[in-house]
Amino acid sequence: MPETQHTPVTILGLGAMGQAIAATLLRGGRPTTVWNRTAGKDAGLVADGATGAASVAAAVEKGGLIIAVLSDHASVHDTLDPIAGQLAGRQLLNLTSTAPEEARELAAWAAAHGVDYLDGGIMAVPAMIGRPGASILYSGSQTLFDEHRETLELLSVADYFGADAGLASLYDFALLSNMYAMFTGFFHGAALLRSAGVSASTFAERAVPWVTAMAQLLPEYARVVDSGDYTTPFQPLSFHKPSVDAIVRASRDAGVALDIVTPIKNLIDRQIADGHGPLAFERTVEELG
Ligand code: FVH
């Protein structure tokens, strides 16, 4: 059932992300209570109309949706375990980044204490919250998601992935894996070009359109992976080996460390050694898991 009036919210954790979330919900007209372990971080929010709470217990007493935006899984337990007895019948949205198994553990912990639990993976930096481009991935309680959807959409695009509380985190980490590989690939390229006196900014002008164009291949790669048939490759593993070997040689020549490219070379070499050279590059997914 969608919310019919502005839901009160309690934000636990006023780091960079908690501050951004609290400020956005406050601007959206949600009565907002805030708490942070280290005192004083609520000053700006309180000046803007939030209610500051001196303790977690006092914060959750204000009622409404509890939103945890803490460092990690352990900090969620550190914060909520002491007041678990106070939480029966309440709703908890955990926007703290946790591994899927940690999210599932928190969902089980919440269920054992009579708490409705939704987990969220934030695909944004604090400055993006409440602005176009931000996305938060949710899984866990659909009741909570549906009931508070309008509030969640103040923060970002809100997508719900199902009852498994770990699924949002799994999507989050899959996307972050993609992001880290892309960024570290850029760093490797920047180091290579720096050996010839080319600036990273000059490289970025080339890298952005290149990465954007290559990203367009992902749906076709995905189709092949989902089919499980690697026998009619667009480009076989054996096609990629000379390129990757050449990148390794060029990196050595330029004095650039091989930390980024060696794992890629190893993946290709291992598959070729096992006789998969004629198969599609996308077979690499099978090698990984
Ligand atoms: N900031 C970002 O760009 C990323 C974007 C993607 C999602 N992440 C995750 O969001 C969670 C919060 O991130 P954050 O940026 O707000 O993090 P910090 O600024 O470091 O603030 C951390 C807050 O957690 C409090 N805290 C830490 N440990 C404890 C504890 N044991 N008990 C209670 N509170 C704790 C800390 O309090 P204090 O140090 O000020 O006392 C901050 O309020 C995070 O999972 C990111 O991975 C953000």
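For the single chain, residues carry numbers from 1 onward in sequence order. For ligands, and for the atoms within them, numbers begin at 1 and follow the listed sequence. Values below: all heavy atoms of this structure, side chains included; hydrogens, waters and symmetry mates excluded.
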Inset, instruction - Apply the side chain to side chain contact (heavy atoms under 4.5 Å, CB included) test between I66 and each candidate in V60, I11, N94; give the one that qualifies. - result: V60
Legend entry - Contact (N/O only, under 3.5 Å) between M17 and ligand 1: yes
Inset, instruction - Decide whether an N or O pair under 3.5 Å exists between R37 and ligand 1. - result: yes
Inset, instruction - Please collect all ring pair (Phe, Tyr, Trp, His ring centres under 6.0 Å) contacts where either partner lies in residues 30-82, sequence neighbours excluded, each pair once. - result: H73-H77, H77-W109
Inset, instruction - Taking only heavy atoms of G13 into account, list the atoms of ligand 1 that are under 4.0 Å away from them. - result: 43 (O)
Inset, instruction - Using a 4.0 Å heavy-atom cut-off, say whether Q19 meets ligand 1 through its side chain, its backbone, both or neither. - result: neither
Inset, instruction - Keeping the roles fixed (side chain from Q216, backbone from T212), state whether a donor-acceptor pair exists under 3.5 Å. - result: yes
Legend entry - Nitrogen or oxygen atoms of W35 and ligand 1 under 3.5 Å apart: no
Inset, instruction - Find the distance between NZ (K41) and CD (Q19) and round it off to the nearest 0.5 Å. - result: 7.5 Å
Legend entry - NZ (K241) with more than 12 external heavy atoms under 6.0 Å: yes
Inset, instruction - Run the numbers for me: atoms of ligand 1, each under 4.0 Å from some heavy atom of K41, listed by number. - result: 38 (P), 40 (O)
Inset, instruction - Output yes when the distance from some N or O of ligand 1 to some N or O of N36 is under 3.5 Å, and no in every other case. - result: yes
Legend entry - Min N/O separation A124 to ligand 1 under 3.5 Å: no
Legend entry - atom 17 (O) of ligand 1 touched by protein heavy atom at under 4.0 Å: no
Inset, instruction - Please indicate whether R131 has more than 12 foreign heavy atoms, meaning atoms of other residues, nucleotides or ligands, lying under 6.0 Å from its CZ. - result: no
Inset, instruction - Give the numbers and elements of all ligand 1 atoms closer than 4.0 Å to a heavy atom of D78. - result: 31 (N)
Legend entry - Contact atoms of ligand 1, heavy-atom distance to I122 under 4.0 Å: 6 (C), 7 (C)
Inset, instruction - Of the side chain and backbone of T38, name the one, both, or neither that has a heavy atom under 4.0 Å from an atom of ligand 1. - result: both
Inset, instruction - State the atoms of ligand 1, each with its element, that fall below the 4.0 Å cut-off from a heavy-atom position in T96. - result: 45 (O)
Inset, instruction - Could you tell me which atoms of ligand 1, counted from 1 in the order shown, lie closer than 4.0 angstrom to a heavy atom of T79? - result: 32 (N), 33 (C)
Legend entry - Short N or O distance, A16 and ligand 1, threshold 3.5 Å exclusive: yes
Inset, instruction - Kindly identify the option in S71, A74, S75 whose heavy atom sits closest to atom 23 (C) of ligand 1. - result: S71
Inset, instruction - Flag yes if more than 12 heavy atoms outside R194 fall under 6.0 Å of its CZ atom; otherwise flag no. - result: no
Legend entry - Backbone of G29 reached by a side-chain donor or acceptor of H6 within 3.5 Å: yes
Inset, instruction - Quick one: which residue pairs count as a side-chain hydrogen bond (donor to acceptor under 3.5 Å, both in side chains) with a foot in residues 195-210, not counting sequence neighbours? - result: S199-T202
Legend entry - Any V125 side-chain heavy atom under 4.5 Å of M128 side chain: yes
Inset, instruction - Evaluate the ring pair (Phe, Tyr, Trp, His ring centres under 6.0 Å) criterion for residues F186 and F203: first the C-alpha distance (whole Å), next the side-chain angles of each, then the deciding distance (0.1 Å), finally the verdict. - result: CA-CA 9 Å; F186 175 77; F203 176 41; 4.9 Å; yes
Legend entry - Top protein contact for atom 9 (C) of ligand 1, by heavy-atom distance: S97 OG, 3.3 Å
Inset, instruction - Just need the protein heavy atom nearest to atom 21 (O) of ligand 1, so name the residue and atom and give the distance. - result: G15 CA, 3.3 Å
Legend entry - P126 neighbourhood, listing ligand 1 atoms whose heavy-atom distance to it stays under 4.0 Å: 1 (N), 2 (C), 3 (O)
Inset, instruction - Using distance alone, decide if ligand 1 has a nitrogen or oxygen within less than 3.5 Å of any nitrogen or oxygen in L14. - result: yes
Inset, instruction - Kindly indicate whether the side chain of H148, heavy atoms from C-beta on, has any atom under 4.5 Å from the side chain of L118. - result: no
Legend entry - Flag, side chain of T33 to backbone of T10, donor-acceptor distance under 3.5 Å: no
Inset, instruction - Kindly confirm or rule out an N or O of L70 lying under 3.5 angstrom from an N or O of ligand 1. - result: yes
Inset, instruction - Number the atoms of ligand 1 from 1 as they appear, then name those within less than 4.0 Å of a heavy atom of G18, with their elements. - result: 16 (O)
